Amino acid sequence: EFIKDVTGVKVLEQQLKDKLKLDHVVVVPGDSDQLDWVKHEMGRACVQYLKGHLAAGEAIAITGGTTMAAVAGAMTPLTGADRCLFVPARGGLGERVENQANTICAEMAKKARGEYRLLYVPDPLSEESYQTIIEEPSIKEVLDIIRNAEIVIHGVGDALTMAERRKTSAKQLEIIKERQAVGEAFGYYFNTKGEIVHKVRTVGLQLEDLKHARHVITVAGGHTKAQAIASYFQPGQSNVLITDEGAAQELIREH
Ligand code: F6P
């Protein structure tokens, strides 16, 4: 049974804020694992937060996934912030086209009436290609924007779900299982202690770049993601969480 009154949601928000030591938490009613429109509500909440915190000419780096696609779906013109620039946070990460940051970034920018730049890199990348590609001037320019973005908006996923959804090799899948990864964000896999146990090699944002962003907004919900969200927040990478009641209740209970 889900909360129907605003006070209940506000209590959950405050509890999560204290527990995960965040500046801002939004909990939308329902569980996105059960109802699709809940994801759309998280998207709307994210757009609303963005509108209140974005200034003209700023760069917004975004990741892929169905939750970020819902953010793009909910985007409306960012009239208060001209010339804002959308960029994908990292390479494709093995996701199918509709779940890739590039695709979502272009859609989001169009709906926001902003600009966008994309990352064209093969994925996954060998070590030699990686070294050559990051020296390519056109790539370098976009990477620079990404790594210095003022705002980062990203999803979080369950480690095994993500490893299976991507074209993860059997060898890497074995590592992910063996090291007991539970959460994933930006191509980094975390265990319950929040330690990085595996990382997908691709260009783009590195976890340490998050320090430079003014706002790092995590958008993730559904009760099945509670453990993944908890693992990602162990080292405290973000300052804003937009989630749903399904994940919030589970997070308060278990983690
Ligand atoms: O692959 C991009 C990504 O943002 C991952 O980092 C994250 O784990 C996943 O997508 C979330 O996907 P979804 O919103 O579909 O659960």
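Heavy atoms only: backbone and side chains are in, while hydrogens, waters and symmetry mates are out. All figures in this text were calculated on a predicted structure; none of them were measured in a lab.
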By side-chain hydrogen bond (donor to acceptor under 3.5 Å, both in side chains), which residues pair with Glu95, not counting sequence neighbours?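 Per chain and number, Glu95 pairs via side-chain hydrogen bond (donor to acceptor under 3.5 Å, both in side chains) with Arg165.
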Identify, with sequence neighbours excluded, every residue that meets side-chain hydrogen bond (donor to acceptor under 3.5 Å, both in side chains) alongside Arg179.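 Partners of Arg179 by the side-chain hydrogen bond (donor to acceptor under 3.5 Å, both in side chains) criterion come out as none, since no residue qualifies.
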Return yes when atom [atom1] of [X] has more than 12 non-hydrogen atoms of other residues, nucleotides or ligands closer than 6.0 Å, and no otherwise.
{"X": "Arg214", "atom1": "CZ", "value": "yes"}
{"X": "Asn148", "atom1": "CG", "value": "yes"}
{"X": "Gln180", "atom1": "CD", "value": "no"}
{"X": "Glu195", "atom1": "CD", "value": "yes"}

Among all residues two or more places apart in sequence or in another chain, which pass the side-chain contact (heavy atoms from CB on, under 4.5 Å) test with Ala81?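 If we apply the side-chain contact (heavy atoms from CB on, under 4.5 Å) test to Ala81, skipping adjacent residues, the hits are Leu54.
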Does anything in residues 44-82 pair up under ring pair (Phe, Tyr, Trp, His ring centres under 6.0 Å), and if so which pairs, sequence neighbours excluded?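 Output for this query lists His24-Tyr49, Tyr49-His53, Tyr49-His215, His53-His215.
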Asp158 side chain vs Ala228 backbone, donor-acceptor pair below 3.5 Å: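 No; judged by distance alone, with no hydrogens or angles, the pair does not exist.
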Is Glu58 reaching over with its side chain to a backbone N or O of Ala55, donor-acceptor style, under 3.5 angstrom?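 Checking the backbone N and O of Ala55 against the side chain of Glu58, a donor-acceptor pair under 3.5 Å is found.
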Check: residues 108-119 side-chain donor-acceptor pairs under 3.5 Å, at least two apart:
{"from": "Lys111", "atom 1": "NZ", "to": "Gly73", "atom 2": "O", "distance (Å)": "2.8"}
{"from": "Arg117", "atom 1": "NH1", "to": "Glu141", "atom 2": "OE2", "distance (Å)": "3.1"}

Using the ring centroid of each side chain, check whether His154 and Tyr232 are separated by less than 6.0 Å.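 Under 6.0 Å, so yes.
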Co-members of Leu160 in a cluster of I, L, V, M, F, W and Y side chains, linked at under 4.5 Å: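 Members alongside Leu160: Leu93, Met162, Ile176, Tyr189, Val197, Val200.
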